[in-house]
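These notes are about the structure you will find just below.
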2 protein chains.
Amino acid sequence: MLETTTPDVQGAFRALADPSRRSMLMHLSQSDMTIGEVAGHFDMTRAAVKKHLTVLEEGSLISVHPKGRERVNRLEPNALKSAVDWLNHFSNFWDEKFENLQAAVEAAESNKQ
Amino acid sequence: MLETTTPDVQGAFRALADPSRRSMLMHLSQSDMTIGEVAGHFDMTRAAVKKHLTVLEEGSLISVHPKGRERVNRLEPNALKSAVDWLNHFSNFWDEKFENLQAAVEAAESNKQ
DNA sequence: TTTATATGATACCAAATGGTATCATGTCAA
DNA sequence: TTGACATGATACCATTTGGTATCATATAAA
C-alpha cells in the first residue's frame with residue numbers, strides 16, 4: 001500500500017529523468033547496440049555515453065553482455081514496467097480509466113501464463 | 001513516432017525522479033493540502049518542501065490555488081498520464097502485453113466522450 | 001608478435017540539485 | 001491597528017550530475 005521508494009522504482013525513475021537516457025532507451029528498443037554504436041547517435045563523447053548507460057544499467061533498464069572486446073547493451077522491459085506499475089497503482093486513486101488499464105495488464109499477464 | 005523530449009514529458013519525469021516528490025504526490029492523491037500540511041509529513045523545512053512543490057508544479061503534476069493566505073496544492077493526474085503515455089508508446093516495440101494495455105486506455109477514453 | 005580498436009578507469013570541471021537559514025510580504029484575527 | 005501566521009524570496013552551502021580529456025587494458029586482426 002502506497003510504496004514510495006522501492007529501490008527498483010527509484011533506479012528506474014532516476015534513469016528516466018534524463019532526456020539523453022530516454023533517447024538511448026528508444027534506440028535500444030530497435031536493436032541491441034554496443035556503447036560505440038549508441039555513441040554514434042549522440043553528440044557527446046563515448047565516455048559520457050558510457051556513464052549514461054551505467055545509470056541505465058543501475059536502474060535495471062538495460063543489461064550488458066560482453067561479446068569479445070565489445071559490450072552489447074540490451075533493453076530490459078521489465079524494469080520499465082516497475083515505473084508503469086508505480087504510476088498505475090497510484091493513479092487508481094482518482095481516475096477509473098487507469099483502473100481499466102490496470103485490469104487489462106493483469107488480464108494480459110494471466111493470459112500469458 | 002519516437003518522441004523523446006516533449007517538454008511535458010521532460011518536466012514530468014524530472015519531477016518524478018525524486019523520492020520525496022513522489023511521496024508528496026502520494027499524499028496529495030489523498031487530499032489537497034497547503035504547503036504547511038505537506039511539510040508536516042516530511043522531516044525537512046517548509047522552504048525545502050516548497051522547492052519540491054515548485055518542481056512538481058513546473059512539471060504540471062500539481063496545480064496551486066490561492067485561498068486566503070494559504071496556497072492549496074492539488075494533484076493533476078493528466079500530466080502523470082503523459083509519463084505513462086511515453087512508457088506505453090515505447091513499450092509497444094517489444095511486448096504485446098503493453099499493446100493490450102494501450103488499447104484499453106484508448107477504449108476507456110472513447111467511452112468517456 | 002605487433003598494432004589497431006573497443007572499452008574501462010580516473011581526474012577534473014561547471015552547473016544543477018537538495019537542503020538550510022533568514023528576511024520580506026500578505027492576510028486573518030483580536 | 002497590531003500581532004500572529006502562512007507563504008514567498010534570497011542567499012548560501014555541500015553534493016550530485018553531465019560532461020570532457022587522458023591514460024590503461026583487453027581483444028581482434030595483420
Side-chain angles (χ1 to χ4, degrees), chain A residues 4-5 7 9-28 31-75 83, chain B residues 4-5 7-28 31-76 83:
Chain A
T4 304
T5 29
V9 175
Q10 174 55 24
F13 276 117
R14 202 270 225 192
L16 288 169
D18 185 90
S20 297
R21 286 194 291 267
R22 289 201 307 281
S23 181
M24 288 176 192
L25 290 179
M26 291 285 197
H27 286 289
L28 291 174
S31 67
D32 297 353
M33 296 170 67
T34 66
I35 170 176
E37 288 171 333
V38 175
H41 292 92
F42 292 87
D43 186 23
M44 66 180 83
T45 61
R46 270 180 301 110
V49 170
K50 200 259 181 177
K51 280 192 182 182
H52 282 305
L53 291 174
T54 298
V55 173
L56 289 169
E57 190 182 7
E58 286 170 351
S60 300
L61 296 180
I62 66 172
S63 57
V64 185
H65 306 272
K67 186 178 183 180
R69 64 178 157 181
E70 300 179 340
R71 284 163 60 90
V72 177
N73 299 275
R74 175 180 309 158
L75 192 71
Chain B
T4 304
T5 29
D8 281 323
V9 175
Q10 174 55 23
F13 276 117
R14 202 272 229 190
L16 288 169
D18 185 272
S20 298
R21 287 194 290 268
R22 289 201 306 281
S23 181
M24 289 177 191
L25 290 178
M26 291 285 197
H27 286 290
L28 290 174
S31 68
D32 296 354
M33 297 170 66
T34 66
I35 172 178
E37 288 170 333
V38 175
H41 292 92
F42 293 87
D43 187 23
M44 65 179 84
T45 61
R46 270 180 300 109
V49 170
K50 200 261 182 178
K51 279 193 182 180
H52 281 305
L53 291 173
T54 298
V55 174
L56 288 169
E57 190 183 5
E58 286 170 351
S60 301
L61 296 179
I62 65 171
S63 56
V64 185
H65 306 270
K67 186 177 184 179
R69 65 178 156 180
E70 299 177 340
R71 283 164 60 92
V72 177
N73 300 274
R74 175 180 309 160
L75 191 72
E76 288 294 335

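Quick note on labels: first sequence line is chain A, next is B, and so on, each numbered from 1.
- With DNA chain D read from its 5' end, the first of the two nearest nucleotides for Lys51(A) and Gly36(B) is the one closest to Gly36(B).
- Atom-to-atom, CD of Glu70(A) to P of dT7(C) comes out at 6 Å; the value is rounded to the nearest Å.
- A straight line from NZ of Lys67(A) to C1' of dT7(C) spans 16 Å, rounded to a whole angstrom.
- Taking side-chain N and O atoms only, Arg46(B) has no distance below 4.0 Å to OP1 or OP2 of dC5(D).
- In terms of polar N and O atoms assigned as donor or acceptor, the side chain of Arg69(A) comes within less than 3.5 Å of the base of dT5(C) in a complementary pairing.
- In this structure a side-chain-to-backbone donor-acceptor pair under 3.5 Å is present from Gln10(B) to Ala17(A).
- Taking 4.0 angstrom as the limit, Arg14(B) places a side-chain polar atom (N or O) nearer than this to OP1 or OP2 of dT17(C).
- In this structure, CZ on Arg46(A) lies 12.0 Å from CG on Leu53(A), to the nearest 0.5 angstrom.
- Take His41(B) and apply the ring pair (Phe, Tyr, Trp, His ring centres under 6.0 Å) test, not counting sequence neighbours, and it matches His27(B).
- The side chain of Thr34(B) sits closest to dT7(D) out of dT7(D), dG19(C), dT7(C).
- Residues forming a side-chain hydrogen bond (donor to acceptor under 3.5 Å, both in side chains) with Thr45(A) (at least two apart in sequence, or on another chain): none.
- The distance from atom CE of Met44(B) to atom P of dG19(C) is 4 Å, rounded to the nearest whole Å.
- Distance CD (Glu57(B)) to P (dT7(D)): 14 Å, rounded to an integer number of Å.
- Rounded to whole angstrom, the span from the NZ atom of Lys50(A) across to the C1' atom of dG19(D) amounts to 15 Å.
- Contact between the side-chain N/O atoms of Ser20(A) and the OP1/OP2 oxygens of dG18(D) is not found at any separation under 4.0 Å.
- The NE2 atom of His52(B) sits 14 Å away from the C1' atom of dA16(C) (whole-angstrom rounding).
- Atom C1' of nucleotide dG19(C) and atom CZ of Phe42(B) are separated by 14 Å, given to the nearest angstrom.
- Regarding Ile35(B), its CD1 atom lies at a distance of 16 Å from the P atom of dT27(C), rounded to whole Å.
- The closest side-chain heavy-atom distance from Leu16(B) to Leu25(B) is below 4.5 Å.
- A close approach under 4.0 Å does not occur between any side-chain nitrogen or oxygen of Thr45(B) and OP1 or OP2 of dG19(C).
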